[in-house]
Number of protein chains: 2
Amino acid sequence: MRIGELSARTGVSIRSLRYYEEQKLLTSVRQPNGYREFSPLAEEQVRTIQFYLALGISTEQIASFLTCVLMNKEAFCEEVLPIFESKLKEIDDQIHLLSQIKTNLEDRIRSIQESD
Amino acid sequence: MRIGELSARTGVSIRSLRYYEEQKLLTSVRQPNGYREFSPLAEEQVRTIQFYLALGISTEQIASFLTCVLMNKEAFCEEVLPIFESKLKEIDDQIHLLSQIKTNLEDRIRSIQESD
DNA sequence: CTTGACCCTGACATTAATGTCAGGGTTTAT
DNA sequence: ATAAACCCTGACATTAATGTCAGGGTCAAG
């Protein structure tokens, strides 16, 4: 299928699909007229990419394990675990930082409101 | 005092101090040689700026209430409360999103580990 | 009068995925 | 053969605070 159809099927913009290809997350063959031709499997692949992006995994990291997870179960790909773990730690740290800020803001809001 | 001294006293880079001035968070008078001259009060002011930046408040928002909070108690400045409240909501949303991602990652990590 | 430590402005770089535009081919249907 | 709807590449913009560099003044101590 061509890029417009893949975009329509997945809801991902043409711009992003081209970017994924540039980042080696997606491949296509070129027709004689220069158009990209994608395999039907690309649709599932794009959904997988979007799924990992939504977890905050970068395209570079996705590229490192995508081939494996497309062919196997995620658990089978050893590259995946360390990436998930470091991402988890990053998110934990972020949550802690935000929680501190949240507490601070709540305190300040409360003391402003009490001053009425 | 000159910018180098203000930077040394506060630990904030000269580049950032110039940026704060550009954003109207800080003022200085120019000496005949073109150098900025800061009042001694600037030191406290810079610490206040850094404090709000650390809460995730943008320079633009800080600019809208800084003059007031420097002269009064925070609770006295009505501009402050809506900004704090919207920032709090933003942070809450962010924490929720991150928590969902965290749960998802934990589930996936667990199922990878169980597959051994 | 020279050196070193200041100070100045202006400008570009950083991050990462995506939007958008310009300029230009291709295909399909009328 | 022309219009509409595709497709292509390349390039710039987005966000926000900060780093860094170039090119150039100023000033104090020696």
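Every chain is numbered from 1, with letters handed out A, B, ... down the list of sequences.
Annotation: dT20(C) and dT15(D) have their P atoms spaced 13 Å apart (nearest Å). The same atom, P, is picked in dA13(C) and in dC12(D); the two are 11 Å apart, to the nearest Å.
Both R15(A) and V12(B) lie near DNA chain D, and the one whose nearest nucleotide falls closer to the 5' end is R15(A). A residue-by-residue look at I57(B) and E5(A) shows that E5(A) has its nearest nucleotide of DNA chain D further toward the 5' end.
The side chain to side chain donor-acceptor pair (under 3.5 Å) with R47(B) is formed by just one residue from the set E44(B), E43(B), Q45(B); it is E43(B).
Between the C1' atom of dC7(C) and the CZ atom of R30(B) lies a distance of 10 Å, rounded to the nearest Å.
Atom CZ of F51(A) has more than 12 heavy atoms from other residues, nucleotides or ligands within 6.0 Å. Residue E78(A) places its CD atom among 12 or fewer non-hydrogen atoms of other residues, nucleotides or ligands, all under 6.0 Å distant. Summarising the local packing, CD of Q31(A) is surrounded by more than 12 heavy atoms from other residues, nucleotides or ligands at distances under 6.0 Å.
E21(B) contributes no side-chain N or O that, together with a main-chain N or O of T27(B), makes up a donor-acceptor pair within less than 3.5 Å. Although no hydrogens or angles enter the test, the distance criterion places a donor-acceptor pair under 3.5 Å between the side chain of S7(B) and the main chain of V12(B).
Put simply, chain A comes within 4.0 Å of DNA chain D, heavy atom to any atom, from dC6(D) to dA11(D), going 5' to 3'.
The aromatic rings of F84(B) and F65(B) lie perpendicular to each other, with more than 60° between the two planes, well past the 30° mark.
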Give me, pair by pair, the N or O atoms of the protein and of nucleotides 27-30 of chain C that are less than 3.5 Å apart, along with how far apart they are.
unit_1: dT27(C); atom_1: OP1; unit_2: N33(A); atom_2: ND2; d: 3.0

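R18(B) has no carboxylate O lying under 4.0 Å from a charged side-chain N of E22(B), or vice versa, which leaves the two without a salt bridge.
As judged by a 4.0 angstrom heavy-atom cut-off over every strand, R36(A) is placed among residues touching the sugar-phosphate backbone only.
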